[in-house]
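Read the structure below first, then the notes.
For reference, positions follow the sequence shown, starting with 1.
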Amino acid sequence: MPSREEVRKHASLESCWIIIRDAAYDVTSIIGSHPGGPKAILRYAGNDATKAFESVHALDTLTKHLSPKQHLGPVGNQEGISGIKMQETKSKRLGPAAKAELRAIISIRDFEVAASRRLPPRAFAFLKAGADDEFTAQWNRDSWKAIRFWPRVLRPIESVDTSTVILNNSFSAPFFICPAGGAKLIHTEGEVLLTKAAGKNSILQWVCNMSACSPDEIVRVKRPGQHVYWQIYAANDLEITKKEVEKAILLGFTGIALTVDAIRAGKRERDARAIILEAIADDDADDDDDDDDDDDSFSTGPTVQRPATWAKFDWDSAIKWLRSITDLPIAIKGIQCWEDAELCMKYGVHPWLSNHAGRQLEGAPSAVDTLLEIRRRCPKVLEACEVIVDGGVTRGTDIVKALVLGARAVGLGRGLLFPLAYGEQGVSKAIRILHHEVETAMALVGVSSIEQLSSLQVRSYL
């Protein structure tokens with residue numbers, strides 16, 4: 001049982017120990033391969049890294065990447081355990097002020113404003129950041145406004161049914177929780193609370209393989225009959241990702257998505273500035289080298305790092321690899337042109353229209369742009385595939401517009417992440433807000449079920 005004093009002696013590149021939940025680990029061997037670079041670990045060398053570690057990593061990460069010998073055992077001083085438990089207990093309760101704030105929220109955008117006040121600056125910057133000048137992230141939101149409804153009146157609407165089927169499974173609504181990193185930057189229980197809220201409201205949650213909660217944790221809290229889907233970034237070591245998919249299937253995940261628009265991270269300047277400012281505030285800036293040519297702070301990676309992705313896939317090899325693992329429905333996430341949507345149809349997979357929330361390529365088309373191009377150039381895709389969209393969705397009217405244009409389901413990332421600032425209650429309220437807005441929009445358009453929506457009910461001004 002190493003003491004904290006002994007752990008503090010191992011604070012270098014040559015011998016690096018850290019403490020996670022009052023247990024010591026020798027992480028020397030993985031410093032060089034850490035996606036965030038050596039500094040991300042060395043910053044906590046010889047010290048407690050629990051908070052930083054758990055905000056971006058699943059609990060089983062250490063088991064995956066360290067040998068039993070590198071698990072050094074519990075440290076002598078047990079103060080940290082009680083501190084963590086107190087933090088977790090507190091995080092599950094909303095105080096009177098937070099309850100009052102939550103009660104005052106009536107839209108998805110309200111949650112973003114509230115999160116900007118409640119979250120640490122770096123956490124909010126990571127979640128909010130778009131690529132470069134963030135014009136594409138803004139266009140994602142604005143492009144929905146360029147679609148206008150064409151309502152029909154004097155249509156008897158006694159009730160509205162928003163239920164739908166997404167990749168063979170039934171849900172109460174045509175919108176879902178997108179796979180996204182950073183949930184634990186908002187709340188200590190992260191994606192687990194998203195799972196609980198999704199189950200309570202009978203909507204789909206699509207879980208990211210880079211989630212800070214493990215698939216085992218997700219499955220433990222999901223309700224009987226609740227469907228969750230799995231999304232992957234294909235790692236440079238494809239065998240690792242294959243094992244992840246196989247485990248997800250074994251645990252009961254019933255749909256798969258492969259993200260293909262992130263073979264390298266986009267330049268997210270809002271996030272990079274927050275990282276640099278925090279490093280300067282912590283006196284962690286690298287002032288040793290006066291050669292400006294070596295200053296690459298402009299290329300700082302995102303707060304939540306992921307391992308390098310496999311960049312050698314083409315259509316044939318990607319689909320062949322996926323189909324060698326599973327026969328579950330597959331969506332290809334990151335489709336940004338009608339030609340690739342048509343290839344999805346050719347290969348028997350479903351196109352997920354997304355520009356990664358405007359976080360990858362500045363100037364990329366919005367999901368609306370691509371959906372309209374599919375309607376014009378290859379409308380048969382809308383019949384042969386279930387087209388999924390995300391990006392800039394903040395209203396139930398956005399969701400209904402997407403369905404009217406031929407989409408089967410609509411994902412929200414930030415829109416259902418920011419509510420985590422209020423825990424499960426916040427996410428559930430956000431879902432109810434969207435559900436109400438979808439019902440209202442459908443009734444005012446003149447339909448009582450998803451099946452009655454058609455392109456005759458909108459006009460495009462794009």
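At least one side-chain heavy atom of W315 sits under 4.5 Å from a side-chain heavy atom of C344. Within the 4.5 Å cutoff, no side-chain heavy atoms of K333 are placed close to those of V260. Residues I256 and Y229 are not in side-chain contact: their nearest non-hydrogen atoms beyond the backbone lie 4.5 Å or more apart. Side-chain atoms of P351 and I388, non-hydrogen and from C-beta on, never get closer than 4.5 Å to each other. For the pair V393 and I108, the minimum side-chain heavy-atom distance is 4.5 Å or more. At a threshold of 4.5 Å between non-hydrogen side-chain atoms, the residues I332 and H350 do not count as touching. Looking at D398 and V410, their side chains never come closer than 4.5 Å, going by heavy atoms from C-beta outward. Under the 4.5 Å side-chain criterion, counting only non-hydrogen atoms from C-beta, E424 is not in contact with E189.
The residues R270 and E134 are annotated as salt-bridged, a charged nitrogen and a carboxylate oxygen being separated by less than 4.0 angstrom. With respect to K267 and E269, a salt bridge is recorded, a charged nitrogen being found less than 4.0 Å from a carboxylate O. Using a 4.0 Å cut-off between charged nitrogen and carboxylate oxygen, D132 and R268 do not count as a salt-bridge pair. The pair K243-D237 does not meet the salt-bridge criterion, since no charged nitrogen lies less than 4.0 angstrom from a carboxylate oxygen.
Taking the centre and axis of the six-membered ring of Y422, the NZ or CZ atom of R118 falls inside the cone set by 45° and 6.0 Å.
The line from CG of L72 to CG of L66 is 9.0 Å long, rounded to the nearest 0.5 Å.
Contact between L94 and K99 at its shortest, heavy atoms only, is O-CE, 3.3 Å. Nearest heavy atom pair, residue L258 against residue A318, reads CD2-CB, 4.3 Å. When every heavy atom of A421 is checked against every heavy atom of I186, the shortest pair comes out as N-CG2, 3.2 Å. When all heavy atoms of A24 and V75 are compared, the pair lying nearest together is CB-CG1, 3.9 Å. Here the closest heavy-atom approach between residue Q205 and residue A198 is recorded as CB-CB, 4.0 Å.
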Show, in sequence, the C-alpha distance, side-chain angles and deciding distance for E217 and S214, and conclude whether the side chain to side chain donor-acceptor pair (under 3.5 Å) test is met. CA-CA 5 Å; E217 292 176 275; S214 69; 3.3 Å; yes

Step by step, would you call I249 with V245 a side-chain contact (heavy atoms from CB on, under 4.5 Å)? CA-CA 6 Å; I249 295 169; V245 175; 3.8 Å; yes

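For the residue pair W352 / D390, a side-chain donor-acceptor distance below 3.5 Å is found, with atom types taken as modelled. For T241 and N209, the side-chain atoms include no donor-acceptor pair closer than 3.5 Å. Looking only at atom types and distance, the side chain of T136 has a donor-acceptor partner in the side chain of E362 under 3.5 Å away. D261 and N355 share no donor-acceptor pair across their side chains, judged by distance under 3.5 Å alone. Side-chain atoms of S67 and Q70 include a donor-acceptor pair closer than 3.5 Å. No side-chain donor-acceptor contact under 3.5 Å links S202 and S172. Q336 and D340 share no donor-acceptor pair across their side chains, judged by distance under 3.5 Å alone.
Using the six-membered ring where Trp is involved, Y233 and H356 have ring planes that are tilted, between 30° and 60° apart. Taking the six-membered ring for Trp and thresholds of 30 and 60 degrees, F313 and W321 have ring planes inclined between 30 and 60 degrees apart.
For the salt bridge (Lys or Arg N to Asp or Glu O under 4.0 Å) with E112, the lone residue among R414, R117, K128 that qualifies is K128.
For Y25, the ring-ring contact (aromatic ring centres under 6.0 Å, His included) test picks out H71, with sequence neighbours left out.
Distance alone, capped at 3.5 Å, is enough to place a donor-acceptor pair between the R408 side chain and the V165 backbone. With hydrogens and angles disregarded, no donor-acceptor distance shorter than 3.5 Å links the side chain of R122 to the backbone of L277. D26 contributes a side-chain N or O that, together with a main-chain N or O of T28, makes up a donor-acceptor pair within less than 3.5 Å. Side-chain atoms of Q226 come within 3.5 Å of backbone atoms of R223 as a donor-acceptor pair (strictly under, hydrogens ignored).
When the shell of 6.0 Å around CD of E5 is examined, it contains 12 or fewer heavy atoms from other residues, nucleotides or ligands.
Ring-centre distance between F175 and W206: not below the 6.0 Å cut-off. Residues F124 and F418 bring their aromatic ring centres within 6.0 Å.
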